[in-house]
Amino acid sequence: MLRCLPTFRARAARAMSTTPSLVQIEKKDNYAIVRLSRAPVNSLNMELLQAIDEAVQSLEQDKNIKGMILSSTNPKIFSAGLDITEMYQPKTKRLREFWRAFQNTYLRLYTTPLATVAAIEGHSPAGGCLLAMCCDSRVMSLGGPLIGLNETKLGIVAPFWMRDVMVNTIGHRETEKMLGLGLQVNALRGKEIGLIDEAVPVEQVHSVAEKLLLEWLSIPSSARKLTKAMMRDETAQKLRSRLDEDRSNFVDFCETDKVQSALAGYLAALKKKAEAKAAK
Ligand SMILES: CCCCC/C=C/C(=O)SCCNC(=O)CCNC(=O)[C@H](O)C(C)(C)COP(=O)(O)OP(=O)(O)OC[C@H]1O[C@@H](n2cnc3c(N)ncnc32)[C@H](O)[C@@H]1OP(=O)(O)O
């Protein structure tokens, strides 16, 4: 135990040094608000993924903290999903580390004993949708924002564990449609299919998220934690037992000409859209 301490201290120190810029943590009485804070759109590069993982880990170690609300400093964007520039024309070593960071962050957030609620004020495609689905409940703002796993629309395929989390959240048939068609839905439709628990005006997202979190925290904690583990461990274990295989599959897939040209096209379309917006 004592021999682990320096490692933990080093990690905690690293978390403190990276956390303020990429992830902001605001502690309340017995829970924390964790705000993703990577401008402009919280796209998940390796450093942001690691910062999320470290933030959740540090909260797990804090005896006063029992839950967290996952949110964004940008009210228009929860997270734009994986940073496509990590996957486009990648260096293999970095690509492998990036995917490991994504796997770790998913496993951390999906299985954390903390009670977790996603407060989704803005868009939440792909990897952003995964982060939200990893939480115990989701509150999303009515109106424009969209959420969903849109990977197929980019010409790429989500890994089996993203599918599994969606199946666990909305069932097989809805996942088949959402994933196969690369659909994103608004909060109202999200609520109809069970992807979203509460659809509310944007100004109420945080208060409703807090209400849902307090409901989770009102349950005797060991019963809540054991039940969460009982519901989620099997899904998490499926990836844990295939971490290296999954990472190799991703790297091989990502480095194919087909995927590279799909990502090039998508990045160009995003850039064109951003330029058109700036010119207005
Ligand atoms: C190979 C197997 C992988 C399987 C798993 C993959 C999971 C993923 O998460 S893939 C990523 C999927 N994400 C998306 O499809 C979202 C793409 N982005 C958008 O739809 C929009 O940007 C938005 C709705 C999130 C925000 O729209 P808006 O506020 O209008 O902002 P802009 O579109 O102008 O974007 C600003 C700026 O950010 C760049 N950008 C946006 N998303 C990403 C991203 N995911 N990765 C990297 N960069 C992104 C965009 O290109 C703009 O850049 P600049 O032109 O340099 O300002």
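Note that ligands are numbered from 1 as they come in the structure, with each ligand's atoms numbered from 1 the same way. The structure displayed is predicted, hence computed values, not measured ones.
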message: Give me each pair satisfying ring-ring contact (aromatic ring centres under 6.0 Å, His included) with a member in residues 106-129, each pair once, sequence neighbours excluded.
response: Tyr106-Tyr110, Tyr106-Trp161

field: Polar side-chain atom of Lys228 near backbone of Ala115 as donor-acceptor pair, under 3.5 Å
entry: no

- request: Name all residues meeting the side chain to side chain contact (heavy atoms under 4.5 Å, CB included) criterion together with Val200; count only those two or more places apart in sequence or in a different chain, and write none if there are none.
  value: Val139, Glu198, Gln204, Val205, Val208

message: Under the criterion side chain to side chain contact (heavy atoms under 4.5 Å, CB included), I'd like the reasoning laid out for Leu70 against Leu36: C-alpha separation, chi angles, the key distance, then a yes or no.
response: CA-CA 8 Å; Leu70 184 64; Leu36 308 181; 4.1 Å; yes

Using a cut-off of under 3.5 Å, which N/O atoms of ligand 1 pair up with protein N/O atoms, and what distance separates each pair?
from, atom 1, to, atom 2, distance (Å)
ligand 1, 9 (O), Leu82, N, 2.7
ligand 1, 9 (O), Gly127, N, 2.9
ligand 1, 13 (N), Ala80, O, 2.9
ligand 1, 15 (O), Asn150, ND2, 3.0
ligand 1, 15 (O), Tyr266, OH, 2.6
ligand 1, 27 (O), Lys273, NZ, 3.4
ligand 1, 30 (O), Lys273, NZ, 3.2
ligand 1, 30 (O), Lys277, NZ, 2.9
ligand 1, 31 (O), Lys277, NZ, 3.4
ligand 1, 33 (O), Lys273, NZ, 2.9
ligand 1, 34 (O), Lys277, NZ, 3.1
ligand 1, 45 (N), Ala80, O, 3.2
ligand 1, 45 (N), Leu82, O, 3.0
ligand 1, 46 (N), Ile84, N, 2.9

task: Taking Thr111 for its side chain and Asp233 for its backbone only, find out whether a donor-acceptor pair lies under 3.5 Å.
output: no

- request: Could you note down all residue pairs passing ring-ring contact (aromatic ring centres under 6.0 Å, His included) where residues 212-271 supplies at least one of them, sequence neighbours left out?
  value: Trp99-Phe250

